[in-house]
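Worth knowing before you read on, the calculation uses all heavy atoms, side chains too, and leaves out hydrogens, waters and symmetry mates.
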Amino acid sequence: MTAREPAKVVDEEAAAWTARIDRGLDFAEQAALDQWLAGDRRRIGALARAKAIWVHAEQAVSLEPLLAVPPAGESIDASPSPRTLSRRNALIGGGALAAGLVAAVAAPAFLRRPTVLASGVGEIRRVPLGDGSVVTLDTDSTIEVRFGDAARTVRLRSGGAFFEIAADRLRPFLVETGNVILHATSSAFSVDAIAGLQLSILVSRGHVEITGKDSPHPVVLAANMRATMRAGEKRADAIELRPIAPEEVDRALSWRSGMLAFEGETLAAAAAMFRRYGGPAIEVPDPALARAPITGLFAATDPAGFARAIALSLGARVETDGDAIRLSPVARTG
Amino acid sequence: MDADRSLWLAQNILPHEAELRTWLARLSSVGGDQIDDLVQETYAVLATRAEVASIHNPRAYAFQVARSILLQQMRRARVVALGTMADLDHLGEATDHPTPEQHAIARDEYARVALAIAAMPPQTRRAFQLRRIEGLSQREIARALGLSENTVEKHIMRGIKMLMQQFGRGGKAVPRASMHQQEGQTPRHDRPRTREGC
């Protein structure tokens, strides 16, 4: 019998290939990989297993931060241990580098206890939820995640989030916010529950059922539709539904890449939007200027750049006053 | 193999790998070193299958695949250890039962993986987590940690290797001595599951 490569060696080679594939193969490497795979059937299996484990690891580790970040001023656990606190500091302060400190002891708990996921001001955070679904948190947003055997439930406490739902026949995906519950199967949609604004739901793929706490019948929202309702509204039939052009949907979701897109919003509304991402406040004391419509795509974290661009296009003047940026009409001469 | 298939394997097969290994370890004709080979071959079949959407019970399917590979090998070897065929006959019972605690299994595996990651050497763990939690590319990790891209790739490789060695084995504490269950007493493979030797 010819000596077969031991399974352990095959596994090691498969690990090396998975790491290479992860950084990207060049043409010659791709050929070498094909050749390697053709040499022994077990290599195909070992590589498939290595890649699956690599995917699985993402799902496993991505759930850790869920446990690790209690919302500001609150704790998931009634008696926060020093470990919880240091994790939180690590993730909020030091960022991911310190995430290595996270011990995994509590990992199974994510299925039983709601876990809280939060983004800081100016932070856009994309987190896989472990079931194939992915949530992207807009600036200054907080959600609670509770995945059980019967349902996957997320409560949007504040801010906005974009959900991309992986289908699971047995466990519907529910998003609760305010007094409504959204029921999704395999869809993509954003939910905004921003203090002082209307509750807004925008579907970009699939459809979402909206049920109010006081209404027996759900309202179905299809792709390229937006639903708005007063915060605190309990009836689904009080929801206003509106079809939206696909470009408009993309525009409304541009925050996911750190951009704010405006098309006819007032300067005051745009300034308020920037305020949510931190940085200096934009003040527009002149009421006529505050009502001026704004169009364009701007970096969410650069309010000063936005103010300069607006000043240029609207013929206004920019003054920096301490932490604030003030936009005023240019004084008319004559 | 595309990303979808990797995800499918991660969600539908990996959670049952420990059980599959346990079952293989029980067969008198299968040596400990053969288990890894059989697992690799099983994954090879699952990875190269044209589609997986029609597989209603992935766990049962994986067991069937492993079983047919074993049978093939035995035919080739032409010497069949006594008792092996009887073992294989019990497979039906092992795979017909639904697995009500699917989520519990997945949960255990997540915990295991998380623990395995926590046990990695610091630099490896760091690279691994930056890649998997933060989604930085290997190049970005190299910049962030002040390492060469080559070194980052080595860390990622080592991390994957560690998980591969650990995964599904539950500390290797499969009690072979107790495996020779007596006739008439059907081995119930749904029972022990992944809890052995944690």
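- The neighbour count for A:R23 CZ, taken as heavy atoms of other residues, nucleotides or ligands under 6.0 Å away, is above 12.
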Checklist entry - So B:Q138 and A:D22, side chain to side chain contact (heavy atoms under 4.5 Å, CB included) or not? Walk me through it. => result CA-CA 8 Å; B:Q138 290 192 24; A:D22 179 61; 3.0 Å; yes
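- The cationic atom of B:R131 (NZ for Lys, CZ for Arg) does not lie both less than 6.0 Å from the six-membered ring centre of A:W54 and within 45° of the ring axis.
- Heavy-atom distances place no part of B:T42 under 4.5 Å from chain A, backbone and side chain included.
- Across all their heavy atoms, A:A48 and B:A47 have their closest contact at CB-CB, 3.4 Å.
- Under the 4.5 Å side-chain criterion, counting only non-hydrogen atoms from C-beta, A:E12 is not in contact with B:M157.
- Here the CD1-CZ distance, from B:I156 to A:R20, works out to 13.5 Å after rounding to the nearest 0.5 Å.
- Here B:L163 contributes atom CG and A:H56 contributes atom NE2; the two are 8.5 Å apart, rounded to the nearest 0.5 Å.
- Atom CD of A:Q35 is surrounded by 12 or fewer heavy atoms from other residues, nucleotides or ligands within 6.0 Å.
- With a threshold of 4.5 angstrom between heavy atoms, B:V152 does not approach chain A through any atom at all.
- Of the two parts of B:Q40, the backbone and the side chain both hold a non-hydrogen atom closer than 4.5 Å to a non-hydrogen atom of chain A.
- Within a 6.0 Å sphere centred on CZ of B:R139, heavy atoms belonging to other residues, nucleotides or ligands number 12 at most.
- With a 4.5 Å cut-off on side-chain heavy atoms, A:I44 and B:E41 do not count as touching.
- Scanning both residues, A:A19 and B:I160, for their nearest heavy atoms gives N-CD1, 4.0 Å.
- Note: A:I53 CD1 to B:S6 OG = 11.0 Å, rounded to the nearest 0.5 Å.
- Closest heavy-atom contact between B:F128 and A:A57: CE2-CB, 3.9 Å.
- Proximity of a side-chain donor or acceptor of A:R49 to a complementary backbone N or O of B:M164 within less than 3.5 Å is detected.
- How far CG of A:D11 is from CZ of B:F167: 13.0 Å, rounded to the nearest 0.5 Å.
- In this structure, B:D37 pairs ionically with A:R42, as a charged nitrogen and a carboxylate oxygen lie closer than 4.0 Å.
- Using a 4.5 Å cut-off on side-chain heavy atoms (C-beta onward), B:L9 and A:K51 make no contact.
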